[in-house]
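Computed over heavy atoms, backbone and side chain alike; hydrogens, waters and symmetry mates excluded. As the structure is a computational prediction, the values presented were derived from the model and not from experiment.
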Amino acid sequence: MGKTKLSIAICALVAPLLAPFHATPATEDEFARERQQMGAAIAAMARATQAETGRARFAERVMGAMAKVPRHRFVAENLARSAYRNEPLPIGQGQTISQPYIVALSTDLIDPRPDDVVLEIGTGSGYQAAVLSEVVKEIYSIEIVEPLGRAAEKRLESLGYRNVHVRIGDGYQGWPEHAPFDGIIVTAAAPFIPEPLIAQLKPGGKMVIPVDAGHGGQDMLLIEKRSDGTIAKRVVLRVAFVPMTGKGVQPR
């Protein structure tokens, strides 16, 4: 199936599962039902994209985290009733909270285990970190936009995500003090794969990163560091992320 047809098929498959927009505030029970609908949309999209991703379904622990984390707490109050739609939403400062399917896919691709320590580049509102918090031991998350990072840190703390550590800085450089990492998730598109992140990935570890593919497109790459230190990578999916910023990704 061509890319255009695939996109149309996915939209047709997912649209009936999305919660309708309401201007009135929702109850926690309504949000819980909308999370279930979101989970169904993610599962449907996983099946529709299995030819590209190689995964017809995501791990139960990942889907359990998606069903548990209150996404409506990671967007502005006026967007709360749209929080469980399977689409990205603005979070200010020109940034977005990623589509739930992409968050679930990125999490699943690193094959998270309970004792893992994971690095996230691009905290945003903290949603991806919160999902990771449910499935791994520790998360070190870096955000270059200070207002977003400070707000995310407070939000995560208030919601009880004690195993997420946020730092304001240039994600290109990673967080060497806590390396090596079992997994790395990058939530902004880089023009190339940052060498410091490769260096901080543990042998056997996996990294998910969107990388510019030319002509305005981006590819989500899955990178695995073999036990001998060599790197294997493959294209998972065509994606659209906000660009990575910072000195490290300025033109060489």
Side-chain angles (χ1 to χ4, degrees), residues 7 10-46 58 62-107 120-134 139 141-161 164 166 168 185-189 210 218 220 239-245:
S7 299
I10 292 170
C11 290
L13 192 59
V14 172
L17 300 170
L18 299 180
F21 175 79
H22 298 287
T24 56
T27 66
E28 288 303 315
D29 285 344
E30 287 174 320
F31 280 135
R33 286 194 293 272
E34 290 174 8
R35 276 196 297 277
Q36 289 181 332
Q37 292 175 324
M38 181 188 75
I42 292 170
M45 200 165 187
F58 302 146
V62 173
M63 294 302 290
M66 299 300 296
K68 183 177 179 181
V69 175
R71 191 173 188 250
H72 64 280
R73 299 291 297 273
F74 293 86
V75 298
E77 189 174 348
N78 67 322
L79 292 175
R81 292 310 306 264
S82 298
Y84 296 106
R85 295 180 176 218
N86 191 24
E87 58 189 39
L89 293 171
I91 57 173
Q93 305 290 328
Q95 305 299 302
T96 61
I97 182 173
S98 293
Q99 178 186 11
Y101 162 78
I102 291 294
V103 172
L105 174 63
S106 298
T107 306
E120 179 193 28
I121 306 301
T123 314
S125 68
Y127 180 63
Q128 173 72 79
V131 171
L132 285 168
S133 176
E134 300 288 342
I139 304 96
S141 186
I142 304 174
E143 175 56 56
I144 198 169
V145 182
E146 185 168 358
L148 284 181
R150 299 298 182 206
E153 185 175 29
K154 291 179 180 178
R155 183 179 299 112
L156 289 160
E157 182 177 353
S158 70
L159 292 173
Y161 295 104
V164 180
V166 178
I168 307 303
I185 291 179
V186 182
T187 66
Q218 301 167 2
M220 175 183 281
V239 290
F241 279 79
V242 296
M244 180 182 285
T245 59

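In this structure, Gly39 and Met63 approach most closely via the heavy-atom pair O-CE, 3.5 Å. Between Val186 and Pro210 the shortest heavy-atom distance is O-CD, 3.2 Å. The nearest pair of heavy atoms linking Phe58 to Ala46 is CZ-CB, 3.8 Å. Across Gly126 and Leu156, no two heavy atoms sit closer than the pair O-CD2, 3.5 Å.
Going from atom CD1 of Ile185 over to atom CG of Leu105 covers 9.5 Å, rounded to the nearest 0.5 Å. Rounded to the nearest 0.5 Å, atoms CD (Gln36) and CZ (Phe31) are 14.5 Å apart.
In this structure Glu77 satisfies the side-chain contact (heavy atoms from CB on, under 4.5 Å) test with no other residue, sequence neighbours excluded. With sequence neighbours left out, Lys68 forms a salt bridge (charged side-chain N to carboxylate O under 4.0 Å, His left out) with Glu134. Annotation: side chain to side chain donor-acceptor pair (under 3.5 Å) contacts of Ser106 (sequence neighbours excluded): none. For Thr107, the side chain to side chain donor-acceptor pair (under 3.5 Å) criterion is met by Gln128, not counting sequence neighbours. Annotation: side-chain contact (heavy atoms from CB on, under 4.5 Å) contacts of Ile168 (sequence neighbours excluded): Glu146, Arg150. Listed by chain and number, the residues in a salt bridge (charged side-chain N to carboxylate O under 4.0 Å, His left out) with Glu157 amount to none (sequence neighbours excluded). Listed by chain and number, the residues in a side-chain contact (heavy atoms from CB on, under 4.5 Å) with Arg155 are Phe74, Ser125, Ala151, Ala152, Leu159 (sequence neighbours excluded). With sequence neighbours excluded, the residues forming a side chain to side chain donor-acceptor pair (under 3.5 Å) with Arg35 are Tyr84, listed by chain and number. Ser158 pairs by the side-chain contact (heavy atoms from CB on, under 4.5 Å) definition with nothing, not counting sequence neighbours. Residues meeting the side chain to side chain donor-acceptor pair (under 3.5 Å) test with Glu120, sequence neighbours left out: Ser141.
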Which side-chain N or O atoms in residues 89-101 pair as donor and acceptor under 3.5 Å with protein atoms at least two apart or in another chain?
{"from": "Gln95", "atom 1": "NE2", "to": "Gln93", "atom 2": "O", "distance (Å)": "3.4"}
{"from": "Gln99", "atom 1": "NE2", "to": "Asn86", "atom 2": "O", "distance (Å)": "3.3"}
{"from": "Tyr101", "atom 1": "OH", "to": "Thr49", "atom 2": "OG1", "distance (Å)": "2.7"}

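Side-chain contact between Tyr161 and Val69 is present, with heavy atoms from C-beta onward closer than 4.5 Å.
Among Ile121, Thr123, Thr187, the one residue that satisfies the side chain to side chain contact (heavy atoms under 4.5 Å, CB included) test with Glu143 is Thr123.
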Does Arg85 form a side-chain contact (heavy atoms from CB on, under 4.5 Å) with Arg71? I'd like the steps, not just the answer. CA-CA 10 Å; Arg85 295 180 176 218; Arg71 191 173 188 250; 5.8 Å; no
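Thr27 places a side-chain N or O within 3.5 Å of a backbone atom of Glu30 that can act as its donor or acceptor partner.
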